Novice: 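Would you mind keeping the following structure in view while I ask a few things?
The shown structure was predicted, so the numbers you read here are calculated from the model rather than taken from an experiment. Every chain is numbered from 1 and lettered A, B, ... according to where its sequence line falls, protein lines coming before strand lines.
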Protein chains: 2
Amino acid sequence: MLRLSKKTEYALMAVKYMAVNQNGKCITVKEIADTYGISFQLLAKLMQQLVRNGIIESQQGTKGGYRLNKSADSILLLDIINAIEENYGLTDCMESEIPENGCARANCCTIRDPLAKVQNKINRIFSETTIGQIL
Amino acid sequence: MLRLSKKTEYALMAVKYMAVNQNGKCITVKEIADTYGISFQLLAKLMQQLVRNGIIESQQGTKGGYRLNKSADSILLLDIINAIEENYGLTDCMESEIPENGCARANCCTIRDPLAKVQNKINRIFSETTIGQIL
DNA sequence: TTAAATACGACTATTTAAGTCTTATATTTA
DNA sequence: TAAATATAAGACTTAAATAGTCGTATTTAA
């Protein structure tokens with residue numbers, strides 16, 4: 001159904017929140033989760049994924065929290081999608097570099113190449129949109 | 001995960017198959033299902049959805065089957081998505097015209113409007129691609 | 001009138017997404 | 001240094017959406 005997952009929605013809201021509200025200081029998961037009514041545990045794990053992908057950085061312990069690791073203008077929508085969406089792509093075969101990758105219809109498929117072109121256009125859209133633009 | 005459903009993949013393959021192989025004559029569900037190893041029952045229902053959406057027309061009875069209802073060049077990828085995908089849209093709130101439509105975070109959501117713009121760009125891509133182009 | 005096709009609603013199974021639970025680790029401050 | 005507050009992370013459960021099946025009715029050519 002071409003949906004962004006809730007996880008990606010939450011991650012976007014969190015990153016945007018940090019861009020607006022951090023002023024040198026750390027922002028806690030609790031603050032963001034409470035603001036938007038998002039599950040704390042779930043958001044906590046999303047934040048960790050964003051750290052692993054270099055989008056934000058963490059400070060553990062009391063007075064800890066998270067900070068953006070780069071300017072809002074240099075964080076692409078595609079960065080967040082890639083960090084959070086587990087199987088991003090219009091089709092199963094589009095995630096992996098190897099076209100046939102486990103597809104039973106690889107030999108008779110007539111739509112992969114055209115859809116790959118569409119996928120590229122969509123990726124371009126997600127690369128053109130930055131967090132800075134959506135503040 | 002931003003996937004096209006299998007149903008949409010099958011519908012695309014079916015419409016493309018018809019564009020290539022129909023020459024005045026009807027094409028049966030069985031022929032397409034066998035060619036690509038798609039469930040007959042499932043594809044049959046997809047074909048019916050395509051009929052309801054005016055993309056193809058049906059001929060019942062022996063010697064029956066389906067035909068494209070318009071030229072391949074005038075069938076948009078978006079037409080097929082709209083006919084088959086049940087909840088098309090980047091977010092739940094993007095399907096309906098009424099922004100808040102049941103969203104508990106409608107009052108505090110900071111990402112709807114930016115994502116709506118992205119959605120429009122994606123729709124444009126799906127409108128630019130026709131079945132004629134992917135033959 | 002039979003065979004071969006579409007029409008369609010109800011149902012089931014499978015997979016994915018979403019959320020929860022639990023425990024461990026790091027860091028500040030009293 | 002102990003307590004409080006934060007992140008880190010894996011295992012698990014629940015809920016929802018997707019994919020596929022079943023059964024029956026209807027249409028039409030030969």
Novice: Restricting to non-hydrogen atoms, name the atom on L135(B) and the atom on A19(B) that form the minimum distance, rounded to 0.1 Å.
Specialist: CD2-CB, 3.8 Å
Novice: Once you round to the nearest 0.5 Å, how far does CG of L77(B) lie from CD1 of I134(B)?
Specialist: 7.0 Å
Novice: Rounded to the nearest angstrom, tell me the gap between atom CG in L46(B) and atom P in dT6(C).
Specialist: 13 Å
Novice: Would you jot down, in residue-number order, the residues of residues 60-71 of chain A having a non-hydrogen atom under 4.0 Å from DNA chain D?
Specialist: Q60(A), G61(A), T62(A), G65(A), Y66(A)
Novice: Expressed as a whole number of angstroms, how long is the span from Y88(A):OH to dA17(C):C1'?
Specialist: 18 Å
Novice: Any base atoms under 4.0 Å from M47(B), or only sugar-phosphate, or nothing? Heavy atoms, all strands.
Specialist: nothing
Novice: Grab the CG-P distance between D92(B) and dA17(C) for me, whole Å please.
Specialist: 14 Å
Novice: Do M47(A) and Y10(A) come within less than 4.5 Å of each other through their side chains, counting heavy atoms only?
Specialist: no
Novice: Would you kindly give the NZ-to-C1' distance between K6(A) and dT16(C), to the nearest whole Å?
Specialist: 15 Å
Novice: Both E85(B) and V51(A) contact DNA chain D. Which one's nearest nucleotide lies toward the 5' end?
Specialist: V51(A)
Novice: Searching all strands shown, indicate the nucleotide that pairs with dA30(D) (Watson-Crick or G-U wobble; both distances under 3.5 Å).
Specialist: dT1(C)
Novice: Counting C-beta onward and ignoring hydrogens, is there a side-chain heavy-atom pair between I131(B) and I80(B) closer than 4.5 Å?
Specialist: yes
Novice: Hey, can you pull the residues of residues 10-29 of chain A with a non-hydrogen atom under 4.0 angstrom from DNA chain D?
Specialist: T28(A), V29(A)
Novice: Give a yes or no on whether a salt bridge exists between K7(A) and E86(A), defined as a side-chain N under 4.0 angstrom from a carboxylate O.
Specialist: yes
Novice: 5' to 3' on DNA chain D, which nucleotides open and close the contacts with chain A (atom under 4.0 Å from a heavy atom)?
Specialist: dA4(D) to dT18(D)
Novice: Name every residue in residues 33-45 of chain A that has at least one heavy atom under 4.0 Å from any atom of DNA chain C, in order of residue number, or write none if there are no such residues.
Specialist: S39(A), Q41(A), L42(A), K45(A)
Novice: Which heavy-atom pair separates A44(B) from V29(B) by the least distance, and what is that distance?
Specialist: N-CG1, 3.8 Å
Novice: Report, as yes or no, whether the 6.0 Å neighbourhood of atom NZ on K30(B) holds more than 12 heavy atoms from other residues, nucleotides or ligands.
Specialist: no
Novice: Please identify each residue that fulfils side chain to side chain donor-acceptor pair (under 3.5 Å) with Q59(A), with sequence neighbours left out.
Specialist: none
Novice: Heavy atoms only, 4.0 Å cut-off, all strands: where does R52(A) land among base, sugar-phosphate and nothing?
Specialist: sugar-phosphate
Novice: Do other residues, nucleotides or ligands put more than 12 heavy atoms under 6.0 Å from K70(A) NZ?
Specialist: yes
Novice: Between atom CD1 of I55(B) and atom CG of L68(B), what is the distance when rounded to the nearest 0.5 Å?
Specialist: 9.5 Å
Novice: Which part of the nucleic acid, if any, lies within reach of E86(A) when heavy atoms closer than 4.0 Å are counted: base, sugar-phosphate only, or nothing?
Specialist: nothing
Novice: Rounded to the nearest 0.5 Å, what's the gap from CG on D92(A) to CD on E9(B)? Could you check?
Specialist: 6.5 Å
Novice: At their closest point, which heavy atom of L78(B) faces which heavy atom of N123(B), and how far apart are they?
Specialist: CD2-O, 4.1 Å
Novice: Not counting sequence neighbours, which residues clear side chain to side chain donor-acceptor pair (under 3.5 Å) with K63(B)? List them please.
Specialist: none
Novice: Check whether the side chains of E31(A) and Y66(A) place a donor and an acceptor atom closer than 3.5 Å, and report yes or no.
Specialist: no
Novice: Between atom CG in N87(B) and atom P in dA17(C), what is the gap in whole Å?
Specialist: 15 Å
